[in-house]
Each structure stands twice: as C-alpha cells, then as structure tokens.
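Structure, as structure tokens:
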Amino acid sequence: DIETISYYLYKRESYDPKTGKPITLGYQQTHTLKITVKDLDKTGDVIDAATNAGANSIQNIIFSLSKEKKIESNGDALRLAADNAREKAKALASTLVVKLGDPISISEMNYAYQPRPFDYAMAGAAPSMEQKTQIQPTEVTISLSVNVVFEIK
C-alpha cells in the first residue's frame with residue numbers, strides 16, 4: 001500500500017551580484033510516501049527497492065497492528081480484564097463475607113500505544129549494495145483496564 005503524504009516543488013534561486021536580480025537555478029522536488037508493508041519479512045526488500053529506485057531518505061519505520069488485529073486484540077484483552085475484575089471481586093466478597101451481585105457499572109480505559117519509530121538513519125545508514133536490509137520488528141503492546149462496580153447482596 002503506497003500513499004502520498006506530501007509533495008513539494010521548490011524553486012531554487014540565487015542572486016546575480018552585479019544586477020541584484022534573482023537567477024533561477026532549477027527546481028527541487030520532494031515527494032514523501034507512506035508505504036505499508038503487511039508482510040514484515042519483506043520490509044527490508046521494500047527499503048532496498050525504494051533506495052534502488054532513487055529514494056534518498058528513509059525517515060522512519062513504525063510497527064503497528066492492522067485495524068483487524070487491533071479489534072481482535074482489544075476484544076481479547078477486554079475479555080481477560082473483565083474476567084480478572086470478576087475474580088478479584090469474588091475474592092474480596094468472599095473475604096468480606098458478602099455475596100457478590102450483578103455489575104451495576106462498567107467502564108473501560110484503553111491506552112493507545114504508539115510504537116516508537118525505527119529511525120533507519122540511526123541504525124547505521126543504508127547497507128552496502130551487496131547486503132540486504134535487515135529489519136527487526138518491535139513488540140506492539142496493548143494495555144487497558146476495566147473498572148466494574150458490583151452490587152453487594
């Protein structure tokens with residue numbers, strides 16, 4: 001998946017010291033693309049293909065979950081957090097010698113985790129042409145909490 005993030009065209013000028021008038025030296029174009037790679041094993045190949053095609057700047061690499069995986073993972077995490085909340089409430093109710101009733105209030109806090117960008121330049125610059133670019137993905141973490149208020153019978 002490739003999408004344009006920005007496209008700039010700059011006029012490069014200098015000034016003639018004799019006349020004080022601008023002289024057009026040419027134009028400089030910057031085209032910034034966002035490339036989404038779903039197969040992590042191909043990330044290095046995509047970087048190599050981009051640089052071989054003339055890309056002269058790799059700004060960063062961000063590892064994240066697909067929308068589908070976020071939905072699935074959040075659902076799993078919510079189920080685990082809700083089960084954990086119920087088990088803790090049962091343990092407290094048992095200790096306090098009361099009966100646990102139905103939930104009367106439920107809230108959830110989802111912590112959006114933005115993975116830290118991988119700075120390609122900081123990783124030792126571009127590899128030599130004989131080497132393939134190697135990218136080691138980072139772990140993506142989902143964190144959320146569930147607050148459940150139970151009725152006490």
Checklist entry - Salt bridge between K42 and D45, side-chain N to carboxylate O under 4.0 Å? => result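 D45 and K42: not salt-bridged.
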Next on the checklist: For K132, is there an ion pair with D48 - N to carboxylate O distance below 4.0 angstrom?
Outcome noted: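 Looking at D48 and K132, the cut-off is not met.
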Checklist entry - Do the non-hydrogen side-chain atoms of K11 and L25 ever get within less than 4.5 Å of each other? => result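 No - every pair of side-chain heavy atoms lies 4.5 Å or more apart.
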Checklist entry - So do the side chains of I142 and L65 get within less than 4.5 Å of each other, counting heavy atoms only? => result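 A side-chain contact exists here, since the closest heavy-atom pair is under 4.5 Å.
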Spatial distance of atom [atom1] ([X]) from atom [atom2] ([Y]) [nearest 0.5 Å]:
X    : Y    : atom1 : atom2 : result
I106 : N147 : CD1   : CG    : 10.0 Å
R12  : Q28  : CZ    : CD    : 6.0 Å
K69  : S64  : NZ    : OG    : 13.0 Å
I47  : N52  : CD1   : CG    : 11.5 Å
H31  : L9   : NE2   : CG    : 12.0 Å
I71  : D76  : CD1   : CG    : 12.0 Å

Checklist entry - So T32 and T4, side chain to side chain contact (heavy atoms under 4.5 Å, CB included) or not? Walk me through it. => result CA-CA 6 Å; T32 304; T4 295; over 6 Å; no
Item to check | Distance-minimising heavy-atom pair for T43 and L40 | outcome: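 Closest approach of T43 to L40, heavy atoms only: OG1-O, 3.0 Å.
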Checklist entry - For E13 and P22, which heavy atoms make the closest approach, and how far apart are they? => result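 Scanning both residues, the minimum pair turns out to be OE2-CB, 4.0 Å.
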Any sub-3.5 Å donor-acceptor pair from [X]'s side-chain atoms to [Y]'s backbone N or O?
X    : Y    : answer
E108 : N110 : yes
S94  : K90  : no
S73  : K70  : no
T19  : K21  : yes
N84  : L80  : no

Checklist entry - Under the side chain to side chain donor-acceptor pair (under 3.5 Å) test, which residues partner D1, sequence neighbours left out? => result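 By the side chain to side chain donor-acceptor pair (under 3.5 Å) rule, D1 matches K38.
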Examine [X] and [Y] and state if one hydrophobic cluster contains both, with Ile, Leu, Val, Met, Phe, Trp and Tyr joined whenever side-chain heavy atoms are less than 4.5 Å apart.
X    : Y   : value
L33  : F63 : no
V140 : L78 : no
F150 : V98 : no
V37  : I2  : yes
I135 : I58 : yes

Item to check | Test side-chain contact (heavy atoms from CB on, under 4.5 Å) applied to I104 and I152, V148, V149, the passing residue | outcome: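 Running side-chain contact (heavy atoms from CB on, under 4.5 Å) over I152, V148, V149 with I104 returns exactly one hit, V149.
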Checklist entry - side chain to side chain contact (heavy atoms under 4.5 Å, CB included) between T30 and Y10: does it pass, once the steps are laid out? => result CA-CA 8 Å; T30 302; Y10 304 96; 3.8 Å; yes
